[in-house]
2 protein chains.
Amino acid sequence: MILSTKGRYGLKAVFELSLNYGLGPVSLKKISEKYEISENYLEQLFAKLRKAGYIETIRGSQGGYMLAKEPKDLTVGMILRTLEGEMTTSECVNKEVCSRESVCATRSIFEKIEKSITDVIDKITLADMYEEHKEILLEANKQNE
Amino acid sequence: MILSTKGRYGLKAVFELSLNYGLGPVSLKKISEKYEISENYLEQLFAKLRKAGYIETIRGSQGGYMLAKEPKDLTVGMILRTLEGEMTTSECVNKEVCSRESVCATRSIFEKIEKSITDVIDKITLADMYEEHKEILLEANKQNE
DNA sequence: ATCATACCCCACCAAAACAGTTGGGAATGG
DNA sequence: CCATTCCCAACTGTTTTGGTGGGGTATGAT
């Protein structure tokens, strides 16, 4: 597994926030029930995202979480990196640790893998996810007719 | 980190075998010294690769490990999957576990990440690595002139 | 005012994965 | 026959994973 539950749960939960963007806060309870995720666990994930400045909160009754930026300004990469740490393959990539650069044929492999992941996660925003989601829902409706 | 030392060490070591393809076996000792990897740890990695049919051994004095196939028939993906397990993002991808497919906008993200990784690791063979390695060495030599 | 709601924060925990280490055994070339 | 080299199983310390538990603070509703 490339991603742990941190990234997987976190991305789902943040997408849920994006569905409610502009409509007020969503409580942890609702999200954790909808996706069957431990409320306390999800809270820890949201704490990281809040500290990173991607979501903000309203405390007290009727409070909850909401995106701190527009869905089009939040990428999947921002969320995953905050929760999972840097999506790197090897310590030698991006650093000059590699003492035998010329010998190291594997380094370029690691770079390619990293780049291919980066290309995907840094390009897709929450707004993009919403657009694609809409299409999927429309198609699902067509099937049911 | 997407890859653990299993995949990173393993790929380096197997590439070393490919450099010696057709020239007889290479001992664990040589490889572990060259790359500064624990000999016993590397042995466990090679055991997996042997059981997968990617490398074979000659026991006894002057013995060692060698590729069981031509470098062009061994991909980076074969090595990494043997050592790291399947390079998946989420259990719902490739399975029908996902109870709320239409709702799950994250699934397509995970599929895209997986596909981008697969595209890289299943396309590159050990022979490809060697070709690229040669070019890097040639350029390094030019620089030194 | 007070109470239920809901976030905030810290500590703790069991299980698994990671990155090895230890040590005994078996095959083989010199 | 012995040094070399692979084979295999068990064990170990550390970190990560995936949570649980509990006390505290803010706030809208009654």
So, [X] versus [Y]: side-chain donor-acceptor pair below 3.5 Å or not?
X        : Y       : value
B:Glu16  : B:Tyr35 : yes
B:Glu114 : B:Thr88 : no
B:Tyr9   : B:Ser38 : no
B:Glu56  : B:Tyr65 : no

Just the rounded figure in Å: distance from [atom2] of [N] to [atom1] of [X].
X       : N      : atom1 : atom2 : answer
B:Glu56 : C:dA27 : CD    : P     : 18 Å
B:Glu36 : C:dG20 : CD    : P     : 12 Å
A:Leu3  : D:dG18 : CG    : C1'   : 15 Å
A:Gln44 : D:dG19 : CD    : C1'   : 7 Å
A:Met1  : C:dC18 : CE    : P     : 13 Å
A:Leu45 : D:dG19 : CG    : C1'   : 10 Å
A:Asn40 : C:dC10 : CG    : C1'   : 12 Å
A:Ile55 : C:dA6  : CD1   : P     : 16 Å

(message) Which is more 5' along DNA chain D, the nucleotide nearest A:Tyr41 or the one nearest B:Ala47? Just name the residue.
(response)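 Nearest-nucleotide comparison on DNA chain D picks B:Ala47.
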(request) Report, as yes or no, whether the 6.0 Å neighbourhood of atom OH on A:Tyr41 holds more than 12 heavy atoms from other residues, nucleotides or ligands. (result)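 It does: A:Tyr41 OH has more than 12 such atoms within range.
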Taking 4.0 angstrom as the limit, do [X] and [Y] come out as a salt bridge?
X        : Y        : result
A:Asp119 : A:Lys123 : no
B:Glu111 : B:Arg107 : yes
A:Glu131 : A:Lys134 : yes

Between [X] and [N], does any side-chain N or O lie under 4.0 Å from OP1 or OP2?
X       : N      : result
B:Ser38 : C:dT21 : yes
B:Lys6  : C:dA19 : no
A:Tyr9  : D:dG19 : yes

(request) Measure the angle between the two terminal helix axes of the helix from C:dA1-D:dT30 to C:dG30-D:dC1, five base pairs each, and quote it to 10°. (result)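 Computed from the C1' atoms at both ends, the axes differ by 10°.
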(request) Could you tell me the separation between the CD atom of B:Glu33 and the CG atom of B:Leu28, rounded to the nearest 0.5 Å? (result)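 B:Glu33 atom CD to B:Leu28 atom CG measures 11.0 Å (nearest 0.5 Å).
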Find every protein N or O atom lying less than 3.5 Å from an N or O atom of nucleotides 2-6 of chain D, and list the pairs.
residue : atom : partner : partner atom : Å
D:dT4   : O2   : B:Ser61 : N            : 3.1
D:dT5   : O4'  : B:Gly60 : O            : 3.4
D:dC6   : OP1  : B:Leu28 : N            : 3.0

